[in-house]
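We use all heavy atoms of the structure for the numbers below, so side chains are in, but hydrogens, waters and symmetry mates are not. Everything numeric here is computed off the predicted structure, so don't read it as measured data.
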Amino acid sequence: MMKLCFTRVPEELLPGIRELCADLDVCMDDAGLAVEVTQRDGAALEVRAGAGGASIVYDRKIHFFRAFSLLVQHLRAGETAFSLTEKPQFTLNGPMFDVSQGNAVIRVSEVKKLLRQLAQMGLSMLMLYCEDSFDVKAQPYFGYMRARYTEADIRECDDYADLFGIEMIPCIQTLAHLVDVLKWHVYDDIRENDVCLLVGEEKTYQFIRDLLTEATRPFRSRRVHIGMDEAYNLGRGAFQDRYGVTAPQKIMKLHLERVLAIVRELGLQPMMWSDMFFSGYGYYGDAEIPQELVDCCPKDVQLVYWDYYHNDEASYETSIARHRRFGEPIFAGGIWTWIGYGAHWDRTFRSTEAALNVCKREGIREVFVTIWGDNGTECLYNTNVLGLALYAEHGYSEKIDYEKLKSRFEFITGARYDDFLALEALDNVPGVDDTAMTSYNPSKFLMWQDILTGLCDKNIDGLPLDAHYAALAERLKPCCGRNGAYNDMFRLYYHAADTLAKKSEMGLRITKAYRAGDRETLRRIADEELPELRRRMEALRACHMENWFALYKSLGWDVMDMRYGSLLTRIDSAIAEIGMYLDGRMERLEELEEERLDYDGRPGMISYLNWFGRTVSASRIAPYC
């Protein structure tokens with residue numbers, strides 16, 4: 001264990017130092033290497049070591065903890081004399097984790113582990129995006145029977161974040177994205193449509209007051225993210241029935257004024273997603289925004305420009321210039337881990353490189369990175385640590401050094417950089433154009449689609465996907481024992497690849513054998529291959545469940561359990577149906593008589609098929625979702 005003796009260290013740093021000591025395998029000892037600590041306003045981050053000891057110069061609290069980690073990293077590497085200087089590029093930089101849309105609420109113990117990693121990286125902010133994942137005492141159906149944080153949970157996380165100088169900012173919704181709330185009929189009187197609140201209704205603003213009061217109370221920060229994105233059908237439902245046809249911009253202005261009145265009363269500083277202010281003019285592009293639309297945005301709300309779809313700097317330059325008509329924006333990028341089991345590192349790295357280079361050049365001082373949980377959260381939250389390290393290294397250099405990123409990542413996590421990169425292959429399969437900024441997610445639709453009806457089978461016909469996933473499983477197998485705290489995570493992805501190695505082309509093979517009258521192959525599939533697929537699927541489910549309960553609150557697993565359960569049952573049904581057909585008890589297999597069509601009329605590899613209900617069956621399995 002490395003021994004360090006901090007001199008002149010401010011008292012406010014000591015609790016955070018003690019928390020990081022175990023992760024860094026360091027202890028504070030008067031006999032250890034002397035480390036002089038100096039806080040200096042506006043200073044660059046400096047770390048030095050030599051014959052006389054070591055020193056750290058820092059500006060903000062969070063900068064000290066990155067410096068502490070850098071010091072230990074270089075000492076651990078055997079360096080006895082070195083001098084490092086870094087200039088922070090942003091005043092705010094950190095992740096936003098969606099804990100609502102994918103039903104995966106990160107456990108408090110895991111949030112604390114994440115905060116220690118953010119501290120070592122020097123990331124200064126954390127948001128937990130909550131649509132209904134927090135308690136609201138006056139609204140018992142808000143988050144009812146879904147995983148959510150108590151006030152005590154949030155306060156514990158916020159207290160812990162403060163040890164390292166990390167600002168936790170509440171992030172909620174106050175207009176749309178409330179499908180899991182508004183499905184309850186107790187909210188009929190404040191519902192515009194399935195996802196959106198009814199603007200102008202007084203009960204709506206009492207509801208929002210309840211949300212804002214409860215959501216912000218446990219936090220030190222006075223900043224709050226009030227959401228308001230993607231309200232696409234605003235004014236076309238109950239609002240139109242009550243008030244007649246009204247331009248969405250006018251409705252948005254009315255609602256925002258009412259919400260901001262509550263925000264101001266509570267002494268909060270708001271930010272919101274910006275897309276609704278560009279409605280009708282294209283969120284991405286160069287269409288001129290009229291002044292009357294700019295005037296709809298109050299000056300005391302800061303707009304968040306979100307973009308993870310481009311890999312060219314010109315797109316970001318144009319969008320930042322358009323946003324600056326409304327005031328100085330915050331930029332939000334993304335780590336592409338929300339569309340299946342795979343991690344789209346190439347897309348993440350390329351979009352981040354372009355976006356953050358422009359942000360630094362254009363003087364954007366506040367950025368964060370979104371990690372969404374759309375319809376599943378098959379990709380575990382801790383997989384994103386590589387993307388977090390990417391944002392961190394961008395945050396302390398004008399031009400990123402990828403070798404430094406690799407060394408920092410491996411030091412902080414104890415995991416292998418190249419093993420993490422291998423997870424790209426869960427979705428980067430034959431038939432995918434890996435040079436395009438696309439959203440292919442075969443790991444998801446191949447996993448959930450049905451064995452017998454195979455809605456995606458025509459699109460993958462002729463592609464060697466079983467072989468691809470078999471090779472990937474062999475590649476991932478050794479990763480499960482050499483990545484320390486991430487071994488269990490890699491076990492999930494190994495089992496996913498191992499299952500897909502048997503399942504990807506199964507529907508095509510069954511259909512081909514049936515139509516060729518190859519009864520011998522059908523018998524072998526029913527007696528040997530489908531039972532083997534079932535065994536692999538059971539192993540995948542068990543591993544996923546183990547990971548889920550370690551990382552997330554229990555509520556929410558029910559959705560994943562039902563998905564795996566339906567697959568296992570459908571395997572049983574396929575075995576039974578094929579058996580009845582071969583035994584002469586069933587004249588034909590009706591599912592296999594159906595002509596296979598391209599999914600949604602589009603040939604080739606499918607992009608962004610991210611909804612379980614549209615993957616598993618052509619029938620309505622959940623009419624209200």
Side-chain angles (χ1 to χ4, degrees), residues 340-341 378 426 429 442-474 476-477 491-545 560-596 599 612 615-619 621:
Y341 289 86
E378 291 91 351
L426 283 159
V429 302
S443 69
K444 184 159 186 168
F445 65 73
L446 292 175
M447 186 66 75
W448 300 133
Q449 78 159 346
D450 187 61
I451 290 289
L452 292 178
T453 58
L455 295 179
C456 305
D457 276 351
K458 172 127 176 133
N459 294 77
I460 64 163
D461 196 3
L463 298 175
L465 296 177
D466 284 357
H468 170 84
Y469 283 114
L472 178 59
E474 286 304 306
L476 292 178
K477 202 169 191 178
R491 283 179 53 238
L492 173 65
Y493 301 133
Y494 159 73
H495 282 295
D498 191 47
T499 300
L500 289 169
K502 182 60 70 175
K503 184 176 187 292
S504 296
E505 300 176 61
M506 181 66 79
L508 288 167
R509 293 175 56 245
I510 293 173
T511 304
K512 181 179 179 181
Y514 171 75
R515 292 184 176 179
D518 187 348
R519 300 174 71 86
E520 182 180 348
T521 297
L522 281 176
R523 178 66 71 184
R524 187 180 68 253
I525 289 173
D527 291 350
E528 300 174 17
E529 295 192 40
L530 285 174
E532 171 61 15
L533 174 58
R534 195 183 206 287
R535 184 195 67 77
R536 296 188 190 192
M537 185 69 69
E538 287 174 336
L540 170 60
R541 175 191 167 273
C543 183
H544 201 161
M545 184 175 182
M560 299 305 299
D561 221 9
M562 291 172 196
R563 293 183 182 185
Y564 285 120
S566 70
L567 282 177
L568 292 167
T569 300
R570 289 298 291 160
I571 291 171
D572 291 343
S573 294
I575 293 171
E577 284 193 47
I578 293 171
M580 286 189 286
Y581 170 73
L582 293 175
D583 293 344
R585 290 178 291 148
M586 184 178 285
E587 182 180 348
R588 57 198 175 121
L589 296 173
E590 293 181 3
E591 297 95 333
L592 306 186
E593 295 281 343
E594 291 282 333
E595 181 186 358
R596 266 47 181 171
Y599 190 87
F612 176 78
T615 305
V616 71
S617 176
S619 299
I621 63 166

- [ ] With sequence neighbours excluded, tell me which residues meet side-chain contact (heavy atoms from CB on, under 4.5 Å) with H544.
- [x] Y341, L380, L492, W548, W557, M560, Y564
- [ ] Using the test side-chain contact (heavy atoms from CB on, under 4.5 Å), find all partners of M580 that sit at least two apart in sequence or belong to another chain.
- [x] E577, R585, M586
Open item on the list: Any non-hydrogen side-chain atom of E587 less than 4.5 Å from a side-chain atom of Y581?
Closed with: no
Task: Partner set under side-chain contact (heavy atoms from CB on, under 4.5 Å) for E593, not counting sequence neighbours - done: Y514, R588
Task: Salt bridge present between K502 and D466 (N-O < 4.0 angstrom) - done: no
Open item on the list: So K503 and L567, do their side chains get closer than 4.5 Å, heavy atoms only?
Closed with: yes
Task: Reported CD1-to-CG distance for the pair I575 and L530, which is rounded to 0.5 angstrom - done: 5.0 Å
- [ ] Taking the side chain as every heavy atom from C-beta outward, state whether I510 and I451 have any atom pair closer than 4.5 Å.
- [x] yes
TODO: For residues R541 and M545, determine if any side-chain heavy atom of one lies less than 4.5 Å from a side-chain heavy atom of the other.
DONE: yes
Task: Steps toward side-chain contact (heavy atoms from CB on, under 4.5 Å) verdict (D450, L455) - done: CA-CA 7 Å; D450 187 61; L455 295 179; over 6 Å; no
Task: Check: L463 and H468 side chains under 4.5 Å, non-hydrogen atoms - done: no
Open item on the list: To check you understand the geometry: which heavy-atom pair defines the closest contact between A496 and L426, and what is its length?
Closed with: CB-CD2, 4.5 Å
Task: Side-chain (D498) to main-chain (A473) donor-acceptor, under 3.5 angstrom - done: no
Open item on the list: Are T511 and L589 packed together at the side-chain level, in the sense that at least one heavy-atom pair is separated by less than 4.5 angstrom?
Closed with: no
Open item on the list: When you compare the side chain of L465 with that of L500, does any pair of heavy atoms fall below 4.5 Å?
Closed with: no
- [ ] Flag the pair D461 and R596 as a salt bridge only when some basic side-chain nitrogen lies within less than 4.0 angstrom of an acidic carboxylate oxygen.
- [x] no
- [ ] Mark yes or no for whether S617, through its side chain, and S619, through its backbone, hold a donor-acceptor pair below 3.5 Å.
- [x] yes
TODO: Considering only NZ, NE, NH1 and NH2 on the basic side and carboxylate oxygens on the acidic side, decide whether R523 and D583 come within less than 4.0 Å.
DONE: yes
TODO: Take E538 and R534 through the salt bridge (charged side-chain N to carboxylate O under 4.0 Å, His left out) test and state the conclusion after the steps.
DONE: CA-CA 6 Å; E538 287 174 336; R534 195 183 206 287; 2.3 Å; yes
Open item on the list: Can you confirm whether D457 sits close enough to Q449 that some side-chain heavy atom of one is under 4.5 Å from a side-chain heavy atom of the other?
Closed with: yes
Open item on the list: Rounded at 0.5 Å granularity, tell me how far CG in L446 sits from OG1 in T615.
Closed with: 10.0 Å
Open item on the list: Applying ring pair (Phe, Tyr, Trp, His ring centres under 6.0 Å), can you list everything that pairs with F612, at least two apart in sequence or on another chain?
Closed with: W448
- [ ] Evaluate side-chain contact (heavy atoms from CB on, under 4.5 Å) for S443 paired with Y469, printing each intermediate quantity in order.
- [x] CA-CA 10 Å; S443 69; Y469 283 114; 4.3 Å; yes
Open item on the list: Using side-chain contact (heavy atoms from CB on, under 4.5 Å), reason through E594 and T453 one step at a time and then give a plain yes or no.
Closed with: CA-CA 8 Å; E594 291 282 333; T453 58; over 6 Å; no
- [ ] Taking R515 for its side chain and L592 for its backbone only, find out whether a donor-acceptor pair lies under 3.5 Å.
- [x] yes
Task: Intermediate values then yes/no, side-chain contact (heavy atoms from CB on, under 4.5 Å), M537 and M447 - done: CA-CA 10 Å; M537 185 69 69; M447 186 66 75; 4.2 Å; yes
Open item on the list: Tell me whether S566 contacts the main-chain N or O of R563 through its side chain, where contact means a donor paired with an acceptor under 3.5 Å.
Closed with: yes
- [ ] Please identify each residue that fulfils side chain to side chain donor-acceptor pair (under 3.5 Å) with K444, with sequence neighbours left out.
- [x] E378, N610
Task: Residues E532, R536: salt bridge by 4.0 Å N-O rule - done: yes
Task: Nearest-0.5 Å distance that lies between atom CG in L582 and atom CG in L522 - done: 5.5 Å
TODO: Using modelled atom types only, decide if a donor and an acceptor are shared between the side chain of E591 and the backbone of L452 within a distance under 3.5 Å.
DONE: no
TODO: Might you point out which heavy atoms bring A501 and A470 nearest each other, and give the distance in Å?
DONE: CB-N, 3.5 Å
- [ ] Sequence neighbours left out, what passes side chain to side chain donor-acceptor pair (under 3.5 Å) with R509? Give chain and number order.
- [x] E529
